[in-house]
Structures are given as structure tokens and as C-alpha cells.
Amino acid sequence: MSSENDRGDSGAEGALPEQLAFIRETVRRSKAPRAKPRTWRGAALAKDLPVARVLVDKGVLHLDRYFDYAVPEELDADAQPGVRVRVRFGAGRHRVRDGRREGGGLIDGFLVERRAESDYAGPLAALAQVVSPEPVLGEELLRLARSVADRYAGSLADVLQLAVPPRSARAEQRPSPEPLPPPAVPEAGSWTRYEQGAAFLEALASGGAPRAVWNALPGPEWSTELARAVAATLASGRGALVVVPDGRAAARVDAALTSVLGEGRHALLTAEAGPEKRYREWLAVRRGSVRAVVGTRAAMFAPVRDLGLVVIWDDGDDSHSEQHAPQPHAREVLLLRAAQDKCAFLLGSWSCTVEAAQLVESGWARPLVAPRPQVRETAPLVRTVGDQDLARDEAARAARLPTVAWQVVRDGLRDGPVLVQVPRRGYVPRMACANCRAPARCRHCAGPVEAQDAGALRCGWCGREESSWHCPDCGSFRLRAQVVGARRTAEELGRAFPAVPVRTSGREHVLDTVPGAPALVVSTPGAEPVAENGYAAALLLDGWAMLGRPDLHAAEDALRRWIAAAALVRPQREGGTVVVAAEPTLRPVQALVRWDPVGHAVRELAERAELGFPPVSRMAAVSGTVEALAEFLGTVELPPEAEVLGPVPLPVTPAAAAGRPRRPGAPPPGEQWERALVRVPPGRGAALAAALKSAQAARMARGSGQPVRVRIDPPDIG
DNA sequence: AGCACGCCGACT
DNA sequence: GTCGGCGTGCTC
């Protein structure tokens, strides 16, 4: 299916049109390639392979090519492929002084290749300096970075900035430890709970490259199961890489790896470590001293030797999306790695994203699931509280908490801690059917219907006015804005149970664990502490806030967050109960009750295919001022199948926000920007990225003042 | 992006 | 003649 095609044609063998054009041009111009590079009044050059191909470390797209430099004799030994170099670069003030060319700034780069001769017809400048003889950019990493740049219409230099950590001389001086021999093949352990669990481990241990989408059972065993998969891969003599969404998850996997493998066999790569320690760990991996890595998203590029397995945990968490250009997603990067290195792939989660379901649907990966009785055995009981219950229950309505919920909390507090999940502030209210709460969508392109200041309705994607909306599901003509507001509920809850301590975990202050004693634990999604022996009960409040957004991911996100909280609750047989405040007829609510995130994702996938949504189609967002965007859309040569939606105006950033850091892709404060979406059918993702990249490159080269931002797989469509 | 080169108008 | 306007194009 689509994703496979895209991975195929964005691979190393497929050169982009502008690259081809460049190559053709260079070949034409240099009629007779010189046997030896001619420098400015030749200083002594390396005898063997006197040309260094250099990637200049500038993110600008039209410089996204290699440049040749001459290798002076004294740098010959150090100037090996993969090392960091400094070169003079820029058309500026070329003066020839003492037989050497000067001027142009000194700029960092990577030496990519040593060659006998150059395609470049002109005289070569010499390498100014080898920053360090440590080879940091290997062939595989370079190939990966190239694929990622192509996939995301970004520059190679930008990707390398994400992939290669900044240098620390002190870290380089420290020798890395001696590598340990491969460990023994681990026991299957709790993997036997899954139908293909033991077989998956065996395949890894025997050097195979199985690819699986793993729907993990609720509970704390997942990190040990991950560690066993890593151990099995190491036992086969290969390396393994695990990417998790945050530092807490990384710490859990780190602990599990230590207990399964012992000390010294794996590295922990997280931002928390600080630059020097982090580079030291990275170097230990790169040098082959350490064969296994766990880390947060930057670790997706970790240069693991002889990679046998890549793992991503909880791919639906948005921290897997890199914030820096070109904003690659860890799942997509690991997919590229699995394809490039022909290694095993494991995507694990308590929940299931549409993208994960697609990997199974297309046949690229196999499902790794537990049999239904095992799921029922492990999951808590889930009860729902909808509007009907609230309406019937006048007293509860005032407190925003129905009787069922009170009872569950009260009963739970007799046995242990009770988790209360409240939504974070700041959800954008959007329009939904007042009757059945289905998000209101545009009839033409299925984008989200938004309320304007004047009260008019308009599509957030194509900008069409919506004057006669009615709900396609239930026929209602009434719309409502979704409202958020919940923190108070938790406070009231605390007052209602005065004898019980209330602990909170949220953005500013995240608790890692809580003891098994009775307590109310109030948390925002993603910050839920793990309870010793599991929570006795959980209360998931204000489902509307999560479901109300007609964001593509609204239902999936809500389900993922509920499941993430509910997975910390004891199994039903131990009395574990979850109450979710949401209409029981809604699809994600039903999926939670049945504990069937995979079924939910499969149905969402079918719907996305029907509506032409990602990941079945591929989308890109292009934004800029009205003029800049119009000009860009006028010049870009999109593949014929491409469909342009919009442009529509983006909300103006208040000028008061000037001091604060802006989200990447957001317009500068006070400027009116527009955004268009471009979508292409399955298999044309690479062509779309290439077209956008070359249009962007042409634009930058022209230096036409106003910027245009291009974002592949925009996360916030709708 | 910088920064020079180039090919046209008013100036010592 | 030449100083300098910034349009155009290159950076190994």
C-alpha cells in the first residue's frame, strides 16, 4: 500500500529532479575532469585521493549539495570520511594572498567522501581545518539523513543537525569502554501472553528481521518485554534501538534493560543528561562499545552498529514529532531505518494509531496481540457516564459528577489510590453537533467547520462558507461549541473526601510514582504517575474536551489518553474500575469499554481512506503571507494528482506575544498569513515532497523576501 | 543568505 | 572618463 511505495521511491536510489538537473549540468560544464585538483597556486596536496567531498553545514535548501575541496598534505591523515571539517565558503571577497585563497567565512561541514578527482571545473579551495579526527557521520547515518530530508522536503544539513550531536572535545578524549560479548538468549517471560510473542523473540534471537505492531496489555510489564526484545537482538550479535516519548518512559526501559542485560550493555540517550555526557554516550554507541540504545526522539538517529531492531513505544504521543526542521516523526524515521537496514521493527503501544493499523493492513507488519480472554483478564472494568445519566441525576449535575463516579471513587479509596484524569487547559473550542456531538465537517473537503467572530461558519481547510449545516449522522441542525473546564471538579472531589490526601501531577510538576496507600491522584493526560500495585480506580473526566475537536486525531487521542490512564489501574478481577465521563454511544468510548484500540484504529483507517485523509493520502501544509503563498503556489510544479485545499487565513498571532518563542510554523506576530493544504494519493508522497522542496529551493535562491513555510504531515490539520 | 560582478546615470 | 545604483547569480 501507500506507505511502502513512498518508502521505496524516497530511497537512496531515487535522485530528486533538481539533483539530476544539477548532476547533468555539472557534467556538461566540465568537459575534461582534471586528474588533479588545481588550487590557487598549488600548496602541497595529499598524494592519494586529494579531493574531499564536503557537506557544508548550512540548512538552506539551495545549498543542499556537496562541494569539493582540496586536501592539503598536512590534513591528509585526519581528513577521513565522516569527520567534522571547517572550510571557506561564500562567493565573497576572493583575494589571493601568498598563493592562498582567502575570504568567505569559515564554516562547519562534514567530510563525506575522499575522491581522486572532482567534477567541478574551477579551482578548488583547500580544507581549512579538520575539527577532529573522530568520524561521526557514517555511511548509514548519511543515507538515513538523506532519506529523511527527502521524505520531509528538508535540507540534509538540517537533518544532520538533529542526527549528530554538537562536539565536546572532552567527551572525545575519553576512551569508550570495551564492548561486551553478546548476552545469552533471554527467556520469553511475559511475551508468552501474546499469540506470536515467543515466536517474535525467537526470530530476533536467530538473526531474523520480523516486523510487528504490538498492542501491549495494560500494566507495567511492557518495559521488561521491550528489554527482552532488545536482549534477543543482542544475542544474535546485532544492535538494537528503542525510542520512547519522554524521560520517564526512558528511565523505565533503562531500568528494565539493566535488570535483563546487566550493566554496560546499553546507553540511555535523553536530553536530560546534558550535552557532554550525552555526546559521550553517543560516541560509545558510534564506536561500537555499546550495542543497545534507549532514548527519547533524538535517539531515533543513534548510530547503532549493525542495527538488528528498531522499536518505538507509544507512537501516538506527540512528543515523537521533532520540533526542529524538517520536523520528522520518530515512527517515520524508524520505518525508513528498518527499510534501509533491513532490520526488525517493533511498534508497541497500549493503544493503536491509525498509522500503526495501516502498517498491519498493508501487510508490511504483523500484529502482535494477546488473545481476547487474556485482554479481559488484564484490563480493568470500564463504566461510562453520559449526558443522560447526568440529566437524570440532578444533584450530580451541579457537582458535574454523577452518582456512579462518586461510588467508584469511594469504593476505590478503600483499597488504594484513585486516579483522576482532567484535561489540560487550552483546547481550542470547535463546532460539533449539539445532539450527537459528531464534529462538524465541511461537505466539500471534510475539513473542520469553525465559528467566525461574526458567528458565520466556515471550513478551516478550504475556506468555504457553511450556511446550511446539518449533521450527516443524526440530522440535527443545531451546533454547539465544545467547552473545556475541569480542574475545579478535582478540587471539589478533594473537598468531598477530606480524609484522603490529594496529590497532583501536571505539566509543571510531574510525579513519577505514588505509593499504594489510599489517595486521590489528580493528573493531566500524559503525566499520570505509576501507582504501586496499580490504582484501585480511575475517573476520566470531561471526555467532551478531548472528543470535541474535529482534529483528525481527536478520537484516537482521547482513546489513547484514556487507555494510558486505565492501563495503570488493576485488572477487573482485582476490583480495578474505570469510569469515563463520555457518551457510551461514541466510538472511542465503546472501544475503551471493550478494550479494543486496534479495532478502533482499523475503523478510523477505513474512514480516512474514504475521506482521502492521511495517512492514506499524504498532506503538506504551505503557509506564508497572501502574496508569498500565491506566488509559491503559482510556481510549484506539483504532481498532476495533487489537490490544493485553500488557502485560508491563519489566526493572527497577537503582537504582545512578540517576546515569547513562537511555535515553529506559526506566523510572525501581527502578520496575516494564509495556509494551503496539498494532498496527494498513496504512493505520491515522495513526488510531492520533491516538488515542494525544489520550489522552495528556487525561492530561496532568488532571495525573494517573504518566507514560505512547508510542513509535510502537518499535525494540526482540522 | 551574503557578496561580488555587471551594465547604466550624474559627478570631480 | 569613473563613482556607484542595486539587478543577477554564485558559492567547491
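Throughout, a chain's letter reflects where its sequence line sits, starting with A, and its residues are numbered from 1. Hydrogens, waters and symmetry mates play no part in the numbers below; they use all other heavy atoms, side chains included.
- Rounded to whole Å, atom P of C/dC10 lies 22 Å from atom OH of A/Y66.
- Contacts of A/D76 classified as salt bridge (Lys or Arg N to Asp or Glu O under 4.0 Å), with partners at least two apart in sequence or in another chain: A/R114.
- No donor-acceptor pair under 3.5 Å is formed between the side chain of A/E134 and the backbone N or O of A/V136.
- One atom, CZ of A/F89, and another, P of C/dC10, lie 13 Å apart when rounded to the nearest Å.
- Scored by the side chain to side chain contact (heavy atoms under 4.5 Å, CB included) test, A/A302 finds A/L241, A/L269, A/V293, A/V304 as partners (sequence neighbours excluded).
- At whole-Å resolution of the value, CZ in A/R114 and P in C/dC12 are 19 Å apart.
- In this structure, CG of A/D64 is placed 15 Å from P of B/dA1, rounded to the nearest angstrom.
- To the nearest angstrom, C1' of C/dT11 lies 7 Å from OH of A/Y120.
- Across the protein-nucleic acid pair, A/R65 atom CZ and C/dC10 atom P stand 10 Å apart, rounded to whole Å.
- Straight-line distance from the CG atom of A/D119 to the P atom of C/dC12: 16 Å, rounded to whole Å.
- A side-chain contact (heavy atoms from CB on, under 4.5 Å) with A/V678 is found for one member of A/V710, A/I712, A/L645, A/L638 and no other, namely A/L638.
- Taking atom CG on A/L55 and atom P on C/dC12, their separation rounds to 14 Å, with Å as the unit.
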